[in-house]
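We use all heavy atoms of the structure for the numbers below, so side chains are in, but hydrogens, waters and symmetry mates are not. Predicted model only: the values in this text are computed from it and were never measured. Letters go in sequence order (proteins before strands), and every chain restarts at 1.
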Amino acid sequence: MSTPAVSPVPIPADPFARSVWPRVALAALVAYVIYACAQMEISWERVLVGMDNAGRFFSRLFPPNFSRWDLLVKGLLESLEIAVLASTLGIVLALPIGLAAARNLMPPWVSWPARAVIVMARSFHPVIVAILFVKAVGFGALAGILALTVASIGFIGKLFTEAIEEISLKQVEAVRATGSPFLSVLAFGVLPQVFSRFIGFATYQLDSNLRNSTMVGIVGAGGIGGTLFAAFQRFDYDFVCAILISIITLIMIGEVLATAVRAIFIDNATLRDLFRRRGAVSHERVLDDD
Amino acid sequence: MADAASLPTPAALRVWRRFTRAQRLTRFVVYLVIIAAIVASARTVEVIPEFLYDAPEQVVDLLTRMWPIDWPHYQESVHAALMETIHIASLGTLLALLLALPVGVLAAHNLVPFTPLNLLAKLILVSSRSVNSLVWALLFVGIFGPGALAGTLAIAFRSIGFVGKLFGEALEEAQPGPIEALTAAGAPWISRMTFGYWPQVKPAFWSIALFRWDINVRESAVLGLVGAGGIGMALDSALNLFQWDRVAVILIAILAVVVIAEVVVTQVRKRVI
């Protein structure tokens, strides 16, 4: 490949030459994988032994046993209640905290403590927070509600703060220029700008709380998780399967409802649109949301 | 959208409204359902108020039992468990990246213009995401027995859906120009992938990987509660023995790792991406 001598820029022999660093990184990665597998005693034999077990395990999972449906329904309802109440409490508490943490509207002495609260609420997995609340308020749904409330404050607070920090201050200034008090500035200058994003976070958080409310029961904080873990420890695998199927169904319903709420508040859909859309644009929606 | 014709009011009396009647009605129905759900939940949930009155006492008790924190315990057993947690998160993320790449490619309609395959890939992604990592952990503990292997696989299977979904979306958003140029030059499929798509989705891919690793560090800390290895197992045994001073060490260790992971992710993102 000879190039004309007039070319002002020297053309390298191989324009697609590979840099050395990706290979070094790959080698380091392979070394790490081997080291970590050795540390954790993960080996191919164990995987093969597991594969033998898998057949037996799955044959015991099926067919699912729904005979104790009353226990199942009770647990699912409790999970649902935990999710609804935790989301409500979490959103109600996260709004003022998130607002206080926004650095473009609040002085530093307000925003830093609020940011600290949000970081603390986010630092632990909800199941670990649930352990602490089980100790504080005893076994049962209350511990789950409080744990998921903390998680919601962390998540919604953080995103709400970011949303407020990204707003355009022109509207805020315009409302301030009319001499409006602070609450009016919030109601007419700030909230309309963040409302649609807020609906997004809130539905996402409800969805996430629903998922986690089925799990906090593992540490005794109410909901179907306790039933699931007890059945698992008793090797009641067909009941485990029934519980898992119910949990997944519940979560999928929750996701569909969350999508509907987003369509109503963000895209101004009506009930009729929702049902019509399902036929015509369902493919498009699958691409958008899942 | 807004159908002004459906409003029967004469022009003189017409009042500007932001939403049509149907939209207002729909919103009202949503508010009604939300309030009904909150009221119904608050009325039926089983909360024992006596436990709540007792809470301050219990919290004080918890804190006094946690103090003094059992620092020597960290060297004895927490450190190894913590490292195992990080290995679970990292190996799980790597495995998830490997498994999610083909699924993400299959899910992208512009790469695989065959809708049944797209839908199959999306089904895999949705089912991976709708099962909680603790549930995946339970299943893998059932298959492989307790230990880090179950945890790693749980993290990997939970992450496939997340990584595959975002990677597939990034592929679908890729500019068609470079790919058309490569196709016009007669490039085979593999070259179109490596020189057309990969440079375009590379930043998205690495940022998804980092983001998921951060999440996985948090999640792998609790997998041990169901026996899937890592620091959760240490936490579980300390909890079962009411050794709250050891629980305190473990919680501080988890917090430290989560904070370090977040700092690492932010720094790497700033420098590399």
Checking [X] against chain A: side chain, backbone, both or neither under 4.5 Å from a heavy atom?
{"X": "B:E262", "result": "side chain"}
{"X": "B:L125", "result": "neither"}
{"X": "B:I34", "result": "neither"}

task: Would you sort out whether B:N132 and A:N212 count as a side chain to side chain contact (heavy atoms under 4.5 Å, CB included), showing the intermediate values?
output: CA-CA 8 Å; B:N132 196 298; A:N212 281 324; 3.8 Å; yes

message: Please give me the minimum heavy-atom distance between B:I38 and A:L85, naming the atom from each residue.
response: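 The pair with the smallest heavy-atom distance is O-CD2, 4.0 Å.
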
- prompt: Looking only at heavy atoms, what is the nearest atom pair of A:R211 and B:R158, with distance?
  reply: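 Where A:R211 meets B:R158 most closely, the heavy atoms are NH1-NH2, 4.5 Å.
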
Any idea which of [options] has the most non-hydrogen atom pairs under 4.5 angstrom with chain A?
{"options": "B:N118, B:L239, B:V259", "answer": "B:L239"}
{"options": "B:L139, B:T152, B:L25, B:V60", "answer": "B:L139"}
{"options": "B:V59, B:L225, B:D236", "answer": "B:L225"}
{"options": "B:L251, B:L153, B:I254", "answer": "B:L251"}

Go through the atoms of [X] and report whether side chain, backbone, both or neither lie under 4.5 Å from a heavy atom of chain B.
{"X": "A:V219", "result": "side chain"}
{"X": "A:L257", "result": "neither"}
{"X": "A:V261", "result": "side chain"}
{"X": "A:I145", "result": "side chain"}
{"X": "A:F133", "result": "neither"}
{"X": "A:L244", "result": "side chain"}

query: Passes side chain to side chain contact (heavy atoms under 4.5 Å, CB included), B:V247 versus A:I131? Steps please.
result: CA-CA 10 Å; B:V247 172; A:I131 293 173; 5.9 Å; no

[atom1] of [X] to [atom2] of [Y]: how many Å apart, nearest 0.5 Å?
{"X": "B:W244", "Y": "A:L132", "atom1": "CH2", "atom2": "CG", "value": "6.5 Å"}
{"X": "B:R129", "Y": "A:I251", "atom1": "CZ", "atom2": "CD1", "value": "11.0 Å"}
{"X": "A:K135", "Y": "B:L63", "atom1": "NZ", "atom2": "CG", "value": "10.0 Å"}

- prompt: If you tally heavy-atom pairs under 4.5 Å against chain B, which of A:Y35, A:F235, A:F265 wins?
  reply: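 Option with the greatest count: A:F265.
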
- prompt: Among A:A83, A:S123, A:C37, which has the most heavy-atom pairs under 4.5 Å with chain B?
  reply: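 Sorted descending by pairs with chain B, the first entry is A:S123.
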
message: Using a 4.5 Å heavy-atom cutoff, which residues in residues 80-93 of chain B come close to chain A?
response: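 Expected list: B:E84, B:I86, B:H87, B:I88, B:S90, B:L91.
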
Do the non-hydrogen side-chain atoms of [X] and [Y] ever get within less than 4.5 Å of each other?
{"X": "B:V135", "Y": "A:I248", "result": "no"}
{"X": "B:V126", "Y": "A:M252", "result": "yes"}
{"X": "A:L77", "Y": "B:T44", "result": "no"}

task: Report the C-alpha separation of B:L138 and A:L228 in whole Å, then their side-chain angles, then the decisive distance to 0.1 Å, and conclude whether the side chain to side chain contact (heavy atoms under 4.5 Å, CB included) test is met.
output: CA-CA 10 Å; B:L138 275 179; A:L228 172 68; 3.8 Å; yes

- request: Evaluate the criterion side chain to side chain contact (heavy atoms under 4.5 Å, CB included) for residue pair A:F124 and B:V258; output intermediate values, then yes/no.
  value: CA-CA 8 Å; A:F124 284 119; B:V258 166; over 6 Å; no

task: Could I get the full list of side-chain contact (heavy atoms from CB on, under 4.5 Å) partners for B:A187, not counting sequence neighbours?
output: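 With neighbours one apart ignored, the set is B:L182, B:S191, B:R192.
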
